[in-house]
Amino acid sequence: MSAPNIETIVSLAKRRGFVFPSSEIYGGLGSAWDYGPFGVELCNNVKQAWWRWMVYERDDMEGVDSSIILNRLAWKYSGHEDTFSDPLVDCRDCNSRFRADKLDYLPTEEERELPAPEAIAKAIRERRIKCPNCGSKDLTEPRPFNLMFRTHVGAAAEDDPSSLVYLRPETAQGIFINFANVLTTSRRKLPFGVAQIGKSFRNEVTPGNFIFRTREFEQMEMEYFVRPGEDEKIHQDWIDNCFNWFTGLGISANNLRLYEQPKEELAHYAKRTVDIQYRFFPEREEQDRQWDELMGIANRTDFDLRTHSKKPEDAEGKRLNPDSTEDLSYFDEATKERFYPYVIEPAAGVNRTVLSVLMDAYSEKTNDKGETRVILKLHPTLSPIKAAILPLAKNKPEIVGMAKAIKRSLQPLLRAVYDDTGGIGKLYARQDEIGTPFCVTVDHQSLEDEAVTVRDRDTWEQERVKVSELPEHLSTRLKG
RNA sequence: GCGGGAGUAGCUCAGUGGUAGAGCAUCGCCUUGCCAAGGCGAGGGUCGCGAGUUCAAAUCUCGUCUCCCGCUCCA
């Protein structure tokens, strides 16, 4: 089974220390969340699993970590300054919301003279624009939403326009603008990829659904550079590859699906985009609304490398990018051709992956007395705690001492905890609820035979293992 | 921003004018103790905030703040 809804996960996450509402003691901050003791472990494990799969287990991959604040020009030429700023209007009658620049209306002569945003605002005031949904003419004036967070570099520079910078809305641009650096220092040849994990920021108009959509979030992005013409096949390969990564993490294929973005919805840089969606909203009645994006796999063509390059010119021979000092083209020694590589981009959200993993791992088990307990059947690679060392009787100093010693001997190898604050049943249950795959129990017998009981989270089966063989026993099973 | 919903213990929630509660969770002690066992005990809330009405407000009135859901966007 998996979680019936996100609310169930919100409660569990708060109760057990995965995720807390941010700034809670000051009344909270809209849809910002903090990761607690187990949450940070889970996030780190997700990122580590991604990096291993994406970088270490391949032959064609490098990594970078670019800064969050870039030269503003990066966002000018990436297209984000233009496209990440949408004027929005609301219909007061049916409460629908639209992008003002997409509303259909006939401008008057006078309005033709005005900049588009002002013309639209004027037409709305004069009630000449109809709501595309209900036909009402009662629309609010357009309000601009700049999806990029702005700030300023330098002290006391608030009023100096040249100090304006943005917090990055995606990590990808940090890879593109370093393309030449990575290419020359790594001596790579096409095709190859550059991976990056890091925070991104979008001033979302409507964040929400727990950690699904937050204004500050963490991305795992990889830009895979290919020869034009090879892009379509390699794109498809990555789609399959990424889907398998999620199922490999234990997410049920039933809760995953591929979604082909319609042409008219594609981002300004994309030729084709396929999303991997997860069933984040199983409680919704309409099938189609149960799904939302977990990972996007885009064919960005040569848009990014070309737009950041100094060489491309328009029809009149004028440089399209007079600010760039570098040409990001690639020279193929074999064919003696110079060109701008195409880019295939698998981009996933750490937080969304964490949410999907939590939802998918959630299960309940009811005992004879009708009491229900929660078991998080996380993939062992992702579990915040790998092993809990528990004394069967805590009033026997020898048993306690042995359990603590075992915990200490394991901790260089894996994340282990010791717990004696309850009966054994309660201790097991507590570990089940945070997804600890193995509990190691020390009992009276252990004092004589140097062996302990290893109890499996999913099967509840117990196995007697020599203490000397415990590290090997656990590490083979943790690889899952 | 518009519309809707909600703020009482860590979690889930009861309490509609008269001394703030329950279950679970947490902590401690006791019990040779393998699936939330039992016993005893403890901690924890100025009922989102402010004002008003009243002898008396978690409860009624007004204001305000915050959060959640939807609309937009996308990882």
Can you tell me whether the side chain of Arg373(A) and the base of C35(B) have a donor-acceptor pair closer than 3.5 Å? yes
Assign Tyr259(A) to base, sugar-phosphate, or nothing according to its heavy-atom contacts below 4.0 angstrom with the strands shown. nothing
With sugar-phosphate meaning primed atoms plus P, OP1 and OP2, does Leu390(A) contact a base, only sugar-phosphate, or nothing at under 4.0 Å between heavy atoms? nothing
Rounding to an integer number of Å, can you tell me how far Glu283(A) CD sits from G70(B) P? 9 Å
Do you see a donor-acceptor pair shorter than 3.5 Å between the side chains of Glu81(A) and Tyr166(A)? yes
Under 3.5 Å for both donor-acceptor distances, Watson-Crick or wobble: does G17(B) have a partner, and if so which one? none
Once you round it to whole Å, what is the distance between P of A75(B) and CZ of Phe212(A)? 10 Å
Glu218(A) side chain to Asn351(A) side chain, donor-acceptor N/O pair below 3.5 angstrom: no
Mind listing the N/O atom pairs, protein and nucleotides 4-6 of chain B, below 3.5 Å?
none

Closest to the side chain of Glu293(A), out of C69(B), A75(B), C74(B), is A75(B)
Which value, in whole Å, describes the distance between the C1' atoms of nucleotides U8(B) and U59(B)? 11 Å
G48(B) to A20(B) separation - P atoms, rounded to the nearest Å: 15 Å
Between Arg15(A) (CZ) and C11(B) (C1'), how many Å, whole number? 6 Å
In Watson-Crick or G-U wobble terms, with both distances under 3.5 Å, the base opposite A36(B) is none
Arg52(A) atom CZ, over 12 foreign heavy atoms within 6.0 Å: no
Describe the nucleic acid contact of Thr453(A) in one word from base, sugar-phosphate, nothing, applying a heavy-atom distance below 4.0 Å. base
Quote, to the nearest angstrom, the C1' distance that separates G44(B) from C24(B). 15 Å
Phosphate-side-chain proximity, Arg430(A) and A25(B), N/O vs OP1/OP2 below 4.0 Å: no
Watson-Crick or G-U counterpart of U26(B), or none if no pair lies under 3.5 Å: A42(B)
Base-pairing assignment for C49(B) (Watson-Crick or G-U wobble, both under 3.5 Å): G63(B)
Could you check whether Asp292(A) gets within reach of a base, just the sugar-phosphate, or nothing at all, counting any heavy atom under 4.0 Å? base
For Arg168(A) and C74(B), what is the distance between atoms CZ and C1' respectively, to the nearest whole Å? 17 Å
Residue that, paired with Asp432(A), satisfies salt bridge (Lys or Arg N to Asp or Glu O under 4.0 Å) out of Lys426(A), Arg455(A), Arg457(A): Arg455(A)
Hey, are His308(A) and Gln173(A) close enough side-chain-wise for a donor-acceptor pair under 3.5 Å? yes
With rounding to whole Å, what would you report as the distance between G50(B) and A58(B) at their P atoms? 12 Å
Which nucleotide in the list C34(B), U12(B), C68(B) gets nearest to the side chain of Ser11(A)? U12(B)
Taking the six-membered ring of Phe281(A), is NZ or CZ of Arg289(A) closer than 6.0 Å to its centre and within 45° of its axis? no
Distance, P atom - from G15(B) to A9(B), rounded to whole angstrom: 15 Å
Does the ring of Tyr428(A) lie flat against the base of C34(B), closer than 5.5 Å centre to centre with planes under 30°? no
Return the nucleotide paired to U72(B): Watson-Crick means purine N1 to pyrimidine N3 with N6-O4 or O6-N4, wobble means G-U with N1-O2 and O6-N3, both under 3.5 Å. none
So Gln462(A), base contact, sugar-phosphate only, or nothing? Heavy-atom distance under 4.0 Å. base
Hey, do the aromatic rings of Phe225(A) and Phe192(A) have their centres closer than 6.0 Å? yes
Tell me the interatomic distance from Arg215(A), atom CZ, to U72(B), atom P, rounded to whole angstroms. 16 Å
For atom C1', what is the distance between U61(B) and C68(B), given to the nearest Å? 26 Å
Is the base of C74(B) touched by the side chain of Arg352(A) through a donor-acceptor pair closer than 3.5 angstrom? yes
Does Asn351(A) make a side-chain N or O approach to OP1 or OP2 of A75(B) shorter than 4.0 Å? no
Contacts of Pro391(A) and Glu7(A) projected onto RNA chain B by closest heavy atom; the upstream (5') one is Pro391(A)
What residue among Phe280(A), Trp33(A), Tyr278(A), Trp291(A) forms ring pair (Phe, Tyr, Trp, His ring centres under 6.0 Å) with Phe212(A)? Phe280(A)
Measure distances between side-chain N and O atoms of Arg16(A) and base N and O atoms of C11(B), and say whether any donor-acceptor pair falls under 3.5 Å. no
Here the distance between atom P of C68(B) and atom CD1 of Ile9(A), to the nearest Å, is 17 Å
Any residue meeting side chain to side chain contact (heavy atoms under 4.5 Å, CB included) with Val274(A), in chain and number order, not counting sequence neighbours: Ile239(A), Leu258(A), Glu260(A), Arg272(A)
On the side chain of Arg455(A), is there an atom forming a donor-acceptor pair with the base of C34(B) - under 3.5 Å, no angle test? no
Going by atom types only, do Ser252(A) and Asp360(A) share a side-chain donor-acceptor pair under 3.5 Å? no
Against the side chain of Thr421(A), the closest entry in C34(B), A75(B), G28(B) is G28(B)
Sugar-phosphate only, base, or nothing, as touched by Ala393(A) at under 4.0 Å among non-hydrogen atoms: base
Where is the tightest heavy-atom contact between Thr214(A) and Phe210(A), given as atom of each residue plus distance? CG2-O, 3.8 Å
Could you give the CH2-to-C1' distance, from Trp460(A) to C34(B), as a whole number of Å? 11 Å
Before giving the answer on side chain to side chain donor-acceptor pair (under 3.5 Å), spell out for Arg300(A) and Thr273(A) the whole-Å C-alpha distance, their side-chain angles and the decisive distance to 0.1 Å. CA-CA 9 Å; Arg300(A) 295 181 74 128; Thr273(A) 299; over 6 Å; no
Look at Lys14(A) and G10(B) and indicate whether a side-chain polar atom (N or O) is within less than 4.0 Å of OP1 or OP2. no
Nucleotide of G33(B), C69(B), G28(B) approaching Leu392(A) most closely (side-chain heavy atoms): G33(B)
Nearest to the side chain of Ile424(A), heavy atoms from C-beta on, is which of G70(B), C34(B), A75(B)? C34(B)
Under 4.0 Å, counting only non-hydrogen atoms across every strand here, what does Lys394(A) touch: a base, just sugar-phosphate, or nothing? base
Rounded to whole Å, please give me the gap between CG in Asp456(A) and P in C34(B). 20 Å
Counting any heavy atom closer than 4.0 Å, what does Thr214(A) reach on the DNA or RNA strands: base, sugar-phosphate only, or nothing? base
Atom C1', compared across G18(B) and A6(B): separation rounded to whole Å: 27 Å
Please determine whether a side-chain nitrogen or oxygen atom of Lys426(A) lies at a distance below 4.0 Å from atom OP1 or OP2 of G38(B). no
Heavy atoms under 4.0 Å, any strand shown: does Glu170(A) hit a base, just sugar-phosphate, or nothing? nothing
Distance check, C1' atoms only: G45(B) and G10(B), in whole angstrom units. 12 Å
Measure distances between side-chain N and O atoms of Asn209(A) and base N and O atoms of C68(B), and say whether any donor-acceptor pair falls under 3.5 Å. no
